[in-house]
There are 2 protein chains.
Amino acid sequence: MEEQHSRHPYDLDEETLFLVSQTFKALSDPTRIRILNLLFQREHSVNEIAESLDLRQSTVSHQLRFLKNLRLVKYRREGTTLYYSYEDEHVMNMLKQTIEHSSHS
Amino acid sequence: MEEQHSRHPYDLDEETLFLVSQTFKALSDPTRIRILNLLFQREHSVNEIAESLDLRQSTVSHQLRFLKNLRLVKYRREGTTLYYSYEDEHVMNMLKQTIEHSSHS
DNA sequence: TTCATATATGAATATATAAGCATATATCGA
DNA sequence: TCGATATATGCTTATATATTCATATATGAA
């Protein structure tokens, strides 16, 4: 049986809470931020990301999976190479705004 | 001596990266989201928050300290009671947008 | 089919962090 | 000063998570 939480009328339901927290969690890690920031410019392959940011291939791949699960990025295949690009405009706008908000403060 | 990272021209500097990640980290925890969501309405004392959200007083106090350090909340004192309210409009707008974006999807 | 390259994945580990308990501190009134 | 109430803090523990290594999988070319 599911545990019952009787929430305050102004409290959020569990599903919304989960979605919101996951979205912000995606943007809370420096490595993921750097990856998404790179994707502002243009699509990049996994290796390009790893080289540009000086990260291991497996690290990049793990983080891309995380972002893919949240539909924040997508990819297209060309031979053995996967080109990743961002998929969620709303989230990317938040990221851009917050970077600007933070960099000249 | 500080370690030198030579970053890609499109990469973010360390200070910005830290600020951005901290900001989103604040919004990545369900408890902190619920607290901030409550503060949309009006200021609340620590105990009011704890009761409304069915959380321990120490839990609320710990999280408020976190939010206070990032200047996302402020408080005013009235006797022994501290009334907390939000302080950062930009962050609260992001939160509100993302909640709306997530709740009817 | 075999090789080379690009990417993904599983397991292990180190670190970060949220929550809880117990207790300290602060303010006010008597 | 003492008691009551509100909040903060230190410590501990359980859990989550980022990274790494080693290896698996997938694609295309020879």
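In what follows, chains are A, B, ... by sequence order, proteins preceding strands, each numbered from 1. Quantities reported herein were computed from a predicted structural model and do not represent experimental measurements.
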Looking only at side-chain N and O atoms, does A:R32 come under 4.0 Å of OP1 or OP2 in D:dA18?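 The answer is yes; a side-chain N or O of A:R32 sits under 4.0 Å from OP1 or OP2.
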Determine: side-chain N/O of A:T31 to OP1/OP2 of D:dT19, distance under 4.0 Å, yes or no.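 Yes, A:T31 has a side-chain N/O under 4.0 Å of OP1/OP2 on D:dT19.
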For [X] and [N], what is the distance between atoms [atom1] and [atom2] respectively, to the nearest whole Å?
X     : N      : atom1 : atom2 : result
A:Q63 : D:dT17 : CD    : P     : 11 Å
A:F66 : D:dT17 : CZ    : C1'   : 9 Å
B:K25 : D:dA16 : NZ    : P     : 16 Å
A:L55 : D:dT20 : CG    : P     : 8 Å
A:D29 : D:dA16 : CG    : P     : 17 Å

Is there a side-chain contact between A:Y75 and A:Y84 in this structure, where contact means two heavy atoms from C-beta onward sitting under 4.5 Å apart?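 The answer is yes; the side chains approach within 4.5 Å.
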With heavy-atom distances below 4.5 Å as the criterion, would you say the side chains of A:L17 and B:N37 are in contact?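 No - every pair of side-chain heavy atoms lies 4.5 Å or more apart.
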For residues B:T16 and B:D13, report the shortest heavy-atom separation together with the two atoms involved.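 Heavy-atom minimum between the residues: OG1-OD1, 2.8 Å.
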So which atom in B:V73 and which in B:L64 form the shortest heavy-atom distance, rounded to 0.1 Å?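 That would be CG2-O, 4.0 Å.
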Partner residues of A:E87 under the side-chain contact (heavy atoms from CB on, under 4.5 Å) criterion, sequence neighbours left out: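 Listed in chain order: A:R71, A:K74.
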So which protein nitrogen or oxygen atoms get under 3.5 Å of nucleotides 8-13 of chain D's nitrogens or oxygens?
{"from": "D:dA8", "atom 1": "OP1", "to": "B:Y84", "atom 2": "OH", "distance (Å)": "2.5"}
{"from": "D:dA8", "atom 1": "OP2", "to": "B:S61", "atom 2": "OG", "distance (Å)": "2.8"}
{"from": "D:dA8", "atom 1": "N7", "to": "B:Q57", "atom 2": "NE2", "distance (Å)": "2.8"}
{"from": "D:dA8", "atom 1": "N6", "to": "B:Q57", "atom 2": "OE1", "distance (Å)": "3.2"}
{"from": "D:dG10", "atom 1": "O6", "to": "B:H62", "atom 2": "NE2", "distance (Å)": "3.0"}

Measure from NZ or CZ of A:R32 to the centre of the six-membered ring of A:F66 and say whether it is under 6.0 Å with the direction within 45° of the ring axis.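 Yes, A:R32 and A:F66 form such a contact.
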For B:E48, is there an ion pair with B:R42 - N to carboxylate O distance below 4.0 angstrom?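 Salt bridge: yes.
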First and last nucleotide of DNA chain C, 5' to 3', lying under 4.0 Å from heavy atoms of chain B: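 Listed 5' to 3', the contact boundaries are C:dT17 to C:dC28.
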Distance from B:S52 atom OG to A:D11 atom CG, nearest 0.5 Å?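 B:S52 OG to A:D11 CG: 8.5 Å, rounded to 0.5 Å.
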